[in-house]
Amino acid sequence: MPRLAQTENLTDIQREILSTVRDFVDKEILPVATELEHRDEYPSQIVEGLKELGVFGLMIPEEYGGLGESLLTYALTVEEIARGWMSVSGIINTHFIVAYMLKQHGTQEQKDYFLPKMAAGEIRGAFSMSEPALGSDVSAISSKGVRDGDDYVLNGQKMWLTNGGSSTLVAVLCRTDEGHPEGTAPHKSMTTFLVEKEAGFGEVRPGLTIPGKIDKMGYKGVDTTELIMDGLRIPADRVLGGETGRGFYHMMDGVEVGRVNVAARGCGVAQRAFELGVSYAQQRHTFGKPIAQHQAIQFKLAEMATKVEAAHAMMVNAARKKDSGQRNDLEAGMAKYLASEYCKEVVEDAFRIHGGYGFSKEYEIERLYREAPMLLIGEGTAEIQKMIIGRRLLEEYRIQG
């Protein structure tokens with residue numbers, strides 16, 4: 001079947017990886033995704049299959065047992081997985097962000113200890129930045145870490161952890177005032193802690209509780225949770241990078257590549273919505289002919305396909321720029337903003353093409369219709385992306401003199 005959103009100038013290895021993942025999606029994810037999603041069931045068998053394919057170590061360097069691939073390869077892999085079921089790509093994403101933060105900012109001891117186990121999928125990552133009263137204002141974080149001998153004692157409540165229950169390593173952002181005098185800018189007094197825990201719910205280690213799954217409109221299967229710290233003791237050698245006050249920068253670096261991931265997820269969901277819409281339009285007959293032959297439907301399909309192509313091109317551009325070593329916050333923000341908005345619109349158009357059947361849980365488009373809204377807020381809302389884009393544009397086009 002011909003496909004939209006082809007990517008030029010890929011290596012043979014990249015094409016082989018993507019072909020293998022696409023085959024896995026078609027055979028192992030698409031046939032069961034809707035059923036598992038309706039039951040809100042964690043896709044354990046799918047995750048085991050992805051571990052065997054090496055997806056959990058896709059961007060982890062070969063010296064730590066990973067595949068050492070680029071952000072572009074990872075993003076295109078996520079696009080394929082999200083086409084099958086977006087929740088599975090969410091399980092991969094938070095793990096990937098923590099592994100990326102460790103690779104970029106961890107001490108050598110932290111890399112040696114965590115990355116090989118993460119590459120094998122034995123340790124699975126989650127990251128925790130948001131709080132119940134926080135929203136987009138990261139500077140308002142109230143969770144706190146206080147030095148006590150060789151440890152830090154952490155207290156506070158975090159929110160919206162993807163993989164909160166199933167993960168065994170959480171990168172947690174807290175405020176640390178030690179060494180940062182009063183009046184220090186909030187973002188300069190934050191620290192990322194590497195918190196190891198048992199998988200599951202309840203008290204998963206002394207001082208750390210994962211209350212249970214948050215019931216969501218969509219994005220089911222993957223566990224989204226709170227995290228409560230009450231006198232949680234963390235050894236000082238589990239401060240990411242071994243230095244306090246750098247946590248905000250660590251998290252923003254992770255979120256930046258995470259935005260490319262969210263853009264890729266939007267591309268994958270939009271591709272699947274287009275596939276469902278164009279297929280249904282050729283099967284459904286009204287007024288004596290397939291609805292695909294009605295001009296109104298052809299216009300919808302044309303708009304949908306154009307949006308899929310445009311979002312994919314921007315996502316690929318953002319990933320390639322990051323891989324080149326250049327700053328890509330502008331491109332990542334644009335890609336995330338455009339891909340998530342276009343995804344919502346393409347899914348809605350496919351929903352409209354299905355007519356009344358789109359409202360039935362028997363049809364896959366119903367699931368996509370509930371999943372797409374999460375992309376509008378994940379890794380920063382559309383409004384946050386526009387703020388980032390606007391500020392960067394003013395930097396680039398600043399009037400001299």
Using a strict 4.0 Å threshold on nitrogen-to-oxygen distance, state whether Arg39 and Glu35 make a salt bridge.
yes

Those residues that, when tested against Ser19, pass side-chain hydrogen bond (donor to acceptor under 3.5 Å, both in side chains) (two or more places apart)
none

Can you list every side-chain hydrogen bond (donor to acceptor under 3.5 Å, both in side chains) pair that touches residues 52-65, not counting sequence neighbours?
Tyr64-Gln108

Between Arg272 and Glu275, does at least one N-O distance fall below 4.0 Å, as a salt bridge requires?
yes

Under 4.0 Å between a side-chain nitrogen and a carboxylate oxygen: does that hold for Arg238 and Asp151?
no

Heavy-atom check, side chain of Val32 versus side chain of Gln45, under 4.5 Å
no

In terms of side-chain geometry, is the basic nitrogen of Glu79 or Arg83 positioned less than 4.0 Å from the acidic oxygen of its partner?
no

Mind running side chain to side chain contact (heavy atoms under 4.5 Å, CB included) on Phe193 and Val239 for me, showing each step along the way?
CA-CA 5 Å; Phe193 293 91; Val239 169; 3.7 Å; yes

Aromatic rings His354 and Tyr280: how do their planes relate, parallel, tilted or perpendicular, breaks at 30° and 60°?
parallel

Under a 3.5 Å threshold, yes or no: a donor from one side chain and an acceptor from the other, between Glu131 and Ser143?
yes

Identify, with sequence neighbours excluded, every residue that meets side chain to side chain contact (heavy atoms under 4.5 Å, CB included) alongside Lys321.
Ser324, Gln326, Asn328, Glu331

Residues forming a side chain to side chain contact (heavy atoms under 4.5 Å, CB included) with Ala372, sequence neighbours excluded
Cys343, Val347

Kindly list each side-chain donor-acceptor pair under 3.5 angstrom involving residues 211-224, sequence neighbours excluded, with atom names and distances?
residue, atom, partner, partner atom, Å
Lys213, NZ, Asp40, O, 3.0
Asp215, OD1, Lys220, NZ, 3.2
Lys216, NZ, Tyr219, O, 2.7
Lys216, NZ, Val222, O, 3.0
Lys216, NZ, Thr224, OG1, 2.7
Tyr219, OH, Arg265, NH1, 3.1
Lys220, NZ, Lys216, O, 2.5
Asp223, OD1, Ser166, OG, 3.0
Asp223, OD2, Gly164, N, 3.2
Asp223, OD2, Gly165, N, 2.5
Asp223, OD2, Ser166, N, 3.0

Show every side-chain hydrogen bond (donor to acceptor under 3.5 Å, both in side chains) that has at least one partner inside residues 116-125, sequence neighbours left out.
Tyr42-Arg124

Is a side-chain donor-acceptor pair under 3.5 Å present for Gln283 with Ser279?
yes

Salt-bridge criterion met for Glu256 and Arg259 (N-O under 4.0 Å)
no

Is the shortest heavy-atom distance from the side chain of Ile46 to the side chain of Leu36 under 4.5 Å?
yes

Does the distance from a Lys or Arg side-chain N to an Asp or Glu carboxylate O, for Glu379 and Lys336, drop under 4.0 Å?
no

